[in-house]
Colleague: 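Dropping the structure in here first, questions after.
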Amino acid sequence: MALDCTTPVLIVDDYKTMLRIIRNLLAQIGFADIDEASDGSEALGKMREKKYGLVISDWNMEPMTGIELLREVRSDETLNRTPFIMVTAESKAENVIMAKKAGVSNYIVKPFTADTLKAKIEAVAG
Amino acid sequence: MASASASRKTQTSAHQAAAATSEAMQVVEELRRFAEEISGMRAEIAQLKASELATERLPAAGRQLGQITETTEAAANAIMEAVEEMLQADSADSSAYKALVSNKAMAIFEACAFQDVTGQLIKRVSETIFQIESRITRIADRIETTAFPGEMELSARQKREQELLLNGPQAKAEAIAQDEIDALLADFN
């Protein structure tokens with residue numbers, strides 16, 4: 001899927017600060033259509049109402065975690081092609097492997113830079 | 001006469017012996033109950049996993065508090081450096097100045113991510129404190145009661161954390177860097 005500045009992006013994180021940081025970094029990169037959700041279940045609801053070209057999600061959230069959201073997205077025929085980037089402080093190899101097996105498009109470990117975010121988005125878009 | 005006296009003496013001795021035996025049996029029964037109670041307490045203490053607190057959770061909490069200090073220090077330094085560079089920049093060239101301010105503002109945003117990482121670490125330390133509190137309460141309550149719903153609730157949460165790999169931010173020694181994550185993903189591809 002080609003990504004450009006008009007692509008709707010959904011960011012999912014339970015920390016408002018992190019949502020704000022990612023939103024600002026995405027805006028700086030050039031994205032204009034950005035929505036937010038505070039956990040997996042809220043994100044899933046939004047994804048069923050609006051077609052997003054990219055999801056950027058945290059892992060550790062309640063009640064629905066990022067890995068559970070990823071599994072839901074990949075098992076849903078209407079959503080399963082959506083690029084999904086995990087942005088998380090969970091930086092153990094077992095987490096990366098679990099996410100990859102679940103179908104993650106890319107994986108960013110926190111704290112990260114705008115350049116890393118941009119590079120991963122470009123990799124997903126390419 | 002002598003025979004009656006001897007008979008009374010025998011009866012008295014028998015009563016005394018019976019009383020002593022009964023008393024001894026009571027003592028034995030009390031000791032048995034006491035032993036059972038000690039055995040029950042040992043089992044309870046074993047279930048409290050005090051060694052797990054001492055060898056795993058408390059050292060981990062210490063490391064997490066250290067990580068909080070390091071993370072906040074790094075963020076504060078990054079923010080101060082960005083602000084200093086903006087303050088010292090030459091504003092004569094307005095387009096270059098605007099680009100620099102924009103660049104440094106991005107650096108400040110990046111540094112603010114510390115709040116997420118430290119928030120998760122503080123949550124982990126709070127959980128450890130809650131565990132210590134609940135286990136101490138359980139020891140105190142052991143004598144009066146057997147029910148402890150708080151401990152059961154925590155176990156369910158621990159199970160979920162294990163299944164979903166909710167480890168929280170890793171200590172530097174355990175974490176892998178972004179480059180290593182990229183290599184791991186590339187191996188899958």
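Just so it is clear: chains get the letters A, B, ... in the order the sequence lines come, proteins before strands, and each one is counted from 1.
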Colleague: Do you reckon B:Val117 sits in the same ILVMFWY cluster as A:Ile108, going by side-chain contacts under 4.5 Å, direct or chained?
Modeller: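 Different hydrophobic clusters.
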Colleague: Report the option among A:Ala99, A:Ala93, A:Pro111 that has the most heavy-atom pairs separated by less than 4.5 Å from atoms of chain B.
Modeller: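 Ranked by contacts with chain B, first place is A:Ala93.
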Colleague: Report yes or no: do B:Leu164 and A:Val55 belong to one cluster of Ile/Leu/Val/Met/Phe/Trp/Tyr joined by side chain heavy-atom distances under 4.5 Å?
Modeller: yes
Colleague: Heavy atoms under 4.5 Å from chain A: which residues of residues 15-32 of chain B carry them?
Modeller: none
Colleague: Could you list who else is in B:Val83's hydrophobic cluster, with ILVMFWY side chains joined at under 4.5 Å, directly or through other members?
Modeller: B:Ile79, B:Met86, B:Leu87, B:Tyr97, B:Leu100, B:Val101, B:Ile108
Colleague: Do A:Leu19 and A:Val9 belong together in a cluster built from hydrophobic side chains that touch within less than 4.5 Å?
Modeller: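 In one cluster with A:Leu19: A:Val9, yes.
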Colleague: May I ask whether A:Ile121 and B:Met106 are part of the same hydrophobic cluster, defined by side-chain heavy atoms of I, L, V, M, F, W, Y residues being less than 4.5 angstrom apart, directly or through others?
Modeller: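 Linked, A:Ile121 and B:Met106 end up in one cluster.
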Colleague: Please tabulate, one pair per line, the N or O donor-acceptor pairs under 3.5 Å between chain B and chain A.
Modeller:
unit_1	atom_1	unit_2	atom_2	d
B:Ser102	OG	A:Gln28	NE2	2.8
B:Glu110	OE2	A:Ala114	N	2.9
B:Gln115	OE1	A:Thr17	OG1	2.9
B:Asp116	OD2	A:Lys110	NZ	2.2
B:Gly119	O	A:Tyr15	OH	3.4
B:Gln120	N	A:Tyr15	OH	3.3
B:Arg160	NE	A:Glu62	OE1	3.4
B:Arg160	NH1	A:Glu68	OE2	3.3
B:Arg160	NH2	A:Glu62	OE1	3.3
B:Arg160	NH2	A:Pro63	O	2.6
B:Arg160	NH2	A:Glu68	OE1	3.3
B:Leu164	O	A:Trp59	NE1	3.0
B:Leu165	O	A:Asn95	ND2	3.0
B:Asn167	N	A:Glu90	OE1	3.1
B:Asn167	N	A:Glu90	OE2	3.1
B:Asn167	ND2	A:Asn95	OD1	3.3
B:Gly168	N	A:Glu90	OE1	3.1
B:Gly168	N	A:Glu90	OE2	2.7
B:Gln170	OE1	A:Ser91	N	2.4
B:Gln170	OE1	A:Ser91	OG	3.2
B:Gln170	OE1	A:Lys92	N	3.2
B:Ile176	N	A:Ser91	O	3.0
B:Gln178	OE1	A:Val109	N	2.8
B:Gln178	NE2	A:Tyr107	O	2.8
B:Asp182	OD1	A:Lys120	NZ	2.9
B:Asp182	OD2	A:Lys120	NZ	2.8
B:Asn189	OD1	A:Lys100	NZ	3.1

Colleague: I'd like to know which of A:Ile22, A:Ile97, A:Leu25, A:Ile67 tops the heavy-atom pair count under 4.5 Å against chain B.
Modeller: A:Ile97
Colleague: Does B:Ser95 have any side chain to side chain donor-acceptor pair (under 3.5 Å) partners at least two apart in sequence or in another chain, and if so, which?
Modeller: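 Scan of B:Ser95 (side chain to side chain donor-acceptor pair (under 3.5 Å), adjacent residues dropped) gives B:Asp93.
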Colleague: Which bit of B:Leu184 comes within less than 4.5 Å of chain A, counting heavy atoms only: side chain, backbone, both or neither?
Modeller: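 Just its side chain gets close to chain A.
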Colleague: Check for me, please, whether B:Ile129 and B:Leu65 land in the same ILVMFWY cluster - side-chain distances under 4.5 Å, paths through other members count.
Modeller: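 Yes, it is one cluster - the side chains of B:Ile129 and B:Leu65 are joined through contacts under 4.5 Å.
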